[in-house]
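What you see is a predicted model, and the numbers here were worked out from it, not measured in a lab. Position 1 is the first residue of the sequence; numbering continues from there.
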Amino acid sequence: MAIEDDVLVIGGGVAAVASALAARETGARVRLIAHKQSTLRQASGLIDVLGYHPEGADDESRTAPISDPFATLDDVPEGHPYERVGEEAVRGGLDLFDDAVGDAYAGGHTDRNALVPTHGGTVKPTARYPSGAAAGLASDERDAFLVGFDAVTGFDADVAADHLRAAGVPFDVRGATLRFPGDLRDDAKLTRYAHILDENDGIEVDGRTLPAREALAERVKSHLGGHERVGFPAILGDAEPAGVRADLADSLGADVFEVPMGPPSLPGMRLSDMLFEALEDAGVHVETGNPVVDVEADGDRVDRVIAEHTATRVPYRAEQYVLATGGLVGKGIRSDRERVYEPIFDLPIPQPEDRYDWFEDGAFDDHPFARFGVPIDRETRPLDADDEPAYENLRAAGAVVGGYDFAAEKSGSGVSLATGYAAGTGAGERA
């Protein structure tokens with residue numbers, strides 16, 4: 001007997017969560033099944049809609065960050081996911097996200113991108129950002145002091161400060177690398193730093209025992225030099241990041257912010273936890289660790305999919321399905337020396353016949369592989385080789401969808417939210 005629901009979402013990232021929440025809002029019974037942890041846990045935690053102009057814009061436009069992504073949506077090329085689902089879906093996806101994360105994220109007060117400094121000293125245009133990063137925006141003209149730790153190799157505060165100055169930020173910025181208080185191993189995980197600050201137990205520093213947050217503030221004070229805000233790598237707590245920041249700010253007499261990090265990423269982990277809590281609160285059934293390996297169709301409709309539970313093949317049946325398994329990074333799209341393919345439904349992926357045409361010569365050129373993915377119609381249904389819906393009751397969302405370069409455009413999370421909202425809403429209404 002198959003496990004039956006109205007809508008079945010396959011995947012575990014932002015697009016899958018958005019699809020499931022949107023479908024649930026229609027009143028449908030929704031189940032989400034995911035094979036592995038989402039790549040979201042390795043991401044910065046920033047939510048980009050459109051940071052740079054996509055393919056087709058002139059070179060000058062493509063290098064200038066976009067201030068208002070909504071003013072640019074009409075300029076995306078045909079076949080781009082935003083062209084397929086429209087501005088209403090972009091706004092719907094962001095509203096859904098804002099409801100899920102509450103005051104843990106900022107940026108919902110405006111259509112304009114914020115400029116968020118990153119661990120490499122670049123400035124990233126983004127639509128939503130953790131509240132813990134708000135005091136660090138590059139549009140803020142207050143002087144900033146960046147703190148790095150010698151054992152946290154993913155963030156060199158001096159280098160980041162140099163890069164920000166070279167980028168022309170409108171404030172003075174300096175950096176210093178310090179030793180984190182306490183007896184931590186040099187290879188300690190970022191979660192270990194966060195746990196120490198969450199617990200705030202006593203740490204011996206120079207013959208005194210101080211709470212961990214106070215000990216950290218004491219170590220930073222002598223380097224602060226009157227700067228009005230202090231940036232730390234994103235390790236300031238996991239369970240209580242707001243409390244950690246508030247205590248540090250009180251001790252330092254300066255605003256405190258986190259700088260988004262590369263993988264592994266605490267902001268990404270925090271966001272993943274928040275989104276899955278939202279699924280639970282909404283009444284979505286969630287299963288993880290079970291890959292979907294096969295599909296059975298009845299004409300132009302998906303009848304059921306098969307997932308592996310250890311050594312058992314378990315059928316799942318729904319009225320509507322959403323494929324949100326990710327792109328090349330998330331293994332929702334795979335490649336070998338002969339072809340690029342979607343492994344569950346065997347959906348066609350437009351690609352040059354010669355694999356050497358998948359790439360360009362320059363590292364930062366417009367590589368065709370960056371836009372590989374499933375083409376969709378305006379209802380987010382994947383298209384077959386004849387540009388017709390492959391299945392009437394299958395939709396696709398997120399990085400499995402092709403036609404855009406999320407890394408160059410800084411549009412990955414926005415596309416996931418917009419296509420997830422459109423796919424989930426469409427699936428729920430038709431279930």
Novice: Measuring only between side-chain heavy atoms, which start at C-beta, is Asp384 closer than 4.5 Å to Tyr391?
Specialist: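 No, too far: nothing below the 4.5 Å cut-off.
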Novice: Decide side chain to side chain contact (heavy atoms under 4.5 Å, CB included) for Thr380 and Arg84; before the verdict, give the C-alpha distance in whole Å, the side-chain angles of both, and the deciding distance to 0.1 Å.
Specialist: CA-CA 7 Å; Thr380 71; Arg84 300 280 89 179; over 6 Å; no
Novice: Could you tell me the separation between the OG atom of Ser272 and the CD atom of Glu277, rounded to the nearest 0.5 Å?
Specialist: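 Nearest 0.5 Å value for the OG-CD distance: 10.0 Å.
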Novice: His80: which residues meet the ring-ring contact (aromatic ring centres under 6.0 Å, His included) condition with it, sequence neighbours left out?
Specialist: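 Result, ring-ring contact (aromatic ring centres under 6.0 Å, His included) vs His80: Tyr82, Tyr404.
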Novice: As an exercise, state the distance from CG of Leu383 to CD1 of Ile376, rounded to the nearest 0.5 Å.
Specialist: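 Spacing of CG (Leu383) from CD1 (Ile376) equals 8.0 Å.
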Novice: Tell me every residue that passes ring-ring contact (aromatic ring centres under 6.0 Å, His included) with Phe149, counting only those two or more places apart in sequence or in another chain.
Specialist: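 By the ring-ring contact (aromatic ring centres under 6.0 Å, His included) rule, Phe149 matches Phe180.
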Novice: Just grab all the salt bridge (Lys or Arg N to Asp or Glu O under 4.0 Å) pairs involving residues 314-332, residues at least two apart or on different chains.
Specialist: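 Residue pairs passing salt bridge (Lys or Arg N to Asp or Glu O under 4.0 Å), neighbours aside: Glu4-Arg317, Arg301-Glu319, Asp303-Arg317.
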Novice: Using the rule given for side chain to side chain contact (heavy atoms under 4.5 Å, CB included), can you reason through Asn393 versus Tyr321, listing the C-alpha separation, both sets of side-chain angles and the distance that settles it, and then say yes or no?
Specialist: CA-CA 6 Å; Asn393 62 337; Tyr321 298 82; 3.7 Å; yes
Novice: Does one side chain, of Asp156 or His119, offer a donor that lies under 3.5 Å from an acceptor on the other?
Specialist: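 No, no side-chain donor-acceptor contact under 3.5 Å.
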Novice: Can you confirm whether Glu392 is buried at CD, in the sense that more than 12 heavy atoms of other residues, nucleotides or ligands lie under 6.0 Å from that atom?
Specialist: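 Atom CD in Glu392 is packed in, count exceeds 12.
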Novice: Mind jotting down which residue pairs meet the side-chain hydrogen bond (donor to acceptor under 3.5 Å, both in side chains) criterion with at least one end in residues 93-105? Sequence neighbours excluded, please.
Specialist: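 Output for this query lists Asp98-Arg128.
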Novice: Are Tyr129 and Thr126 side-chain neighbours, meaning at least one heavy-atom pair lies under 4.5 Å?
Specialist: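 They are in side-chain contact.
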Novice: Please identify each residue that fulfils side-chain hydrogen bond (donor to acceptor under 3.5 Å, both in side chains) with Glu228, with sequence neighbours left out.
Specialist: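 Scan of Glu228 (side-chain hydrogen bond (donor to acceptor under 3.5 Å, both in side chains), adjacent residues dropped) gives none.
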Novice: Please tabulate, for side-chain N and O atoms in residues 255-264, each donor-acceptor pair with protein atoms closer than 3.5 Å (sequence neighbours left out).
Specialist:
from	atom 1	to	atom 2	distance (Å)
Asp255	OD2	Arg142	NH1	2.8
Asp255	OD2	Arg142	NH2	3.2
Glu258	OE1	Arg270	NH1	2.8
Glu258	OE2	Ile235	N	3.3
Glu258	OE2	Leu236	N	2.8
Glu258	OE2	Arg270	NH2	3.1

Novice: List the residues meeting side-chain contact (heavy atoms from CB on, under 4.5 Å) with Asp336, not counting sequence neighbours, and say none if there are none.
Specialist: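 So Asp336 forms a side-chain contact (heavy atoms from CB on, under 4.5 Å) with Glu338, Arg339, Tyr341.
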Novice: Just so I know, are the side chains of Pro350 and Pro375 near enough to count as touching, which here means a heavy-atom distance under 4.5 Å?
Specialist: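 Yes, at least one pair of side-chain atoms sits under 4.5 Å.
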Novice: Check residues 280-292 and write down every donor-acceptor pair under 3.5 Å in which the side-chain atom is one partner and the other belongs to a residue at least two apart or another chain.
Specialist:
from	atom 1	to	atom 2	distance (Å)
Glu287	OE1	Tyr316	OH	2.4
Glu287	OE2	Arg31	NH1	2.8

Novice: Report yes if the side chains of His163 and Thr122 come closer than 4.5 Å at any heavy-atom pair, otherwise no.
Specialist: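 Not touching, per the 4.5 Å side-chain cut-off.
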Novice: Calculate, to the nearest 0.5 Å, the distance between atoms CD1 and CG belonging to Ile47 and Leu271 respectively.
Specialist: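 One gets 5.5 Å once the value is rounded to the nearest 0.5 Å.
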Novice: Tell me whether the count of non-hydrogen atoms from other residues, nucleotides or ligands lying under 6.0 Å of CZ in Arg304 goes above 12.
Specialist: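 Counting neighbours around CZ of Arg304, more than 12 heavy atoms of other residues, nucleotides or ligands fall under 6.0 Å, so yes.
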Novice: Does NZ or CZ of Arg91 fall inside the cone over Phe70's six-membered ring, less than 6.0 Å from its centre and within 45° of the axis?
Specialist: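 Yes, a cation-pi geometry holds between Arg91 and Phe70.
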Novice: Working to the nearest 0.5 Å, report the span between CG of Leu347 and CG of Leu323.
Specialist: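 Here the rounded value is 6.5 Å.
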Novice: Between Ser413 and Asp48, is there a side-chain donor-acceptor contact under 3.5 Å, judged purely by atom types and distance?
Specialist: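 Checked: Asp48/Ser413 side chains show no N/O donor-acceptor pair below 3.5 Å.
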Novice: May I have the step-by-step check of side chain to side chain contact (heavy atoms under 4.5 Å, CB included) for Asp143 and Val173, ending in yes or no?
Specialist: CA-CA 6 Å; Asp143 293 345; Val173 55; over 6 Å; no
Novice: Which atom pairs, donor and acceptor, lie under 3.5 Å between side-chain atoms of residues 420-431 and protein residues at least two apart or in another chain?
Specialist:
from	atom 1	to	atom 2	distance (Å)
Thr425	OG1	Tyr421	O	2.7
Arg430	NH1	Gly426	O	3.1

Novice: Any chance you could measure Glu78, atom CD, to Glu83, atom CD, to the nearest 0.5 Å?
Specialist: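 Separation between the atoms: 5.5 Å.
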Novice: Check whether any side-chain heavy atom of Ile3 lies under 4.5 Å from a side-chain heavy atom of Val314, and answer yes or no.
Specialist: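 A side-chain contact under 4.5 Å exists here.
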Novice: With sequence neighbours left out, what residues match Glu308 under salt bridge (Lys or Arg N to Asp or Glu O under 4.0 Å)?
Specialist: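 Checked Glu308 against salt bridge (Lys or Arg N to Asp or Glu O under 4.0 Å); zero matches.
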Novice: Which residue pairs pass the salt bridge (Lys or Arg N to Asp or Glu O under 4.0 Å) test with at least one member in residues 10-25, sequence neighbours excluded?
Specialist: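 Salt bridge (Lys or Arg N to Asp or Glu O under 4.0 Å) check on residues 10-25 returns no pairs.
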Novice: Might you work through the side chain to side chain contact (heavy atoms under 4.5 Å, CB included) test for Arg313 and Asp294, ending with a clear yes or no?
Specialist: CA-CA 9 Å; Arg313 290 167 61 89; Asp294 202 0; 3.3 Å; yes
Novice: Taking only residues two or more places apart in sequence or in another chain, which ones pass side-chain hydrogen bond (donor to acceptor under 3.5 Å, both in side chains) with Asp198?
Specialist: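 side-chain hydrogen bond (donor to acceptor under 3.5 Å, both in side chains) list for Asp198, sorted by chain: empty.
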Novice: Look up atom OG1 in Thr312 and atom CD1 in Ile306, then write down how far apart they are to the nearest 0.5 Å.
Specialist: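 Between Thr312 OG1 and Ile306 CD1, I get 12.0 Å after rounding to 0.5 Å.
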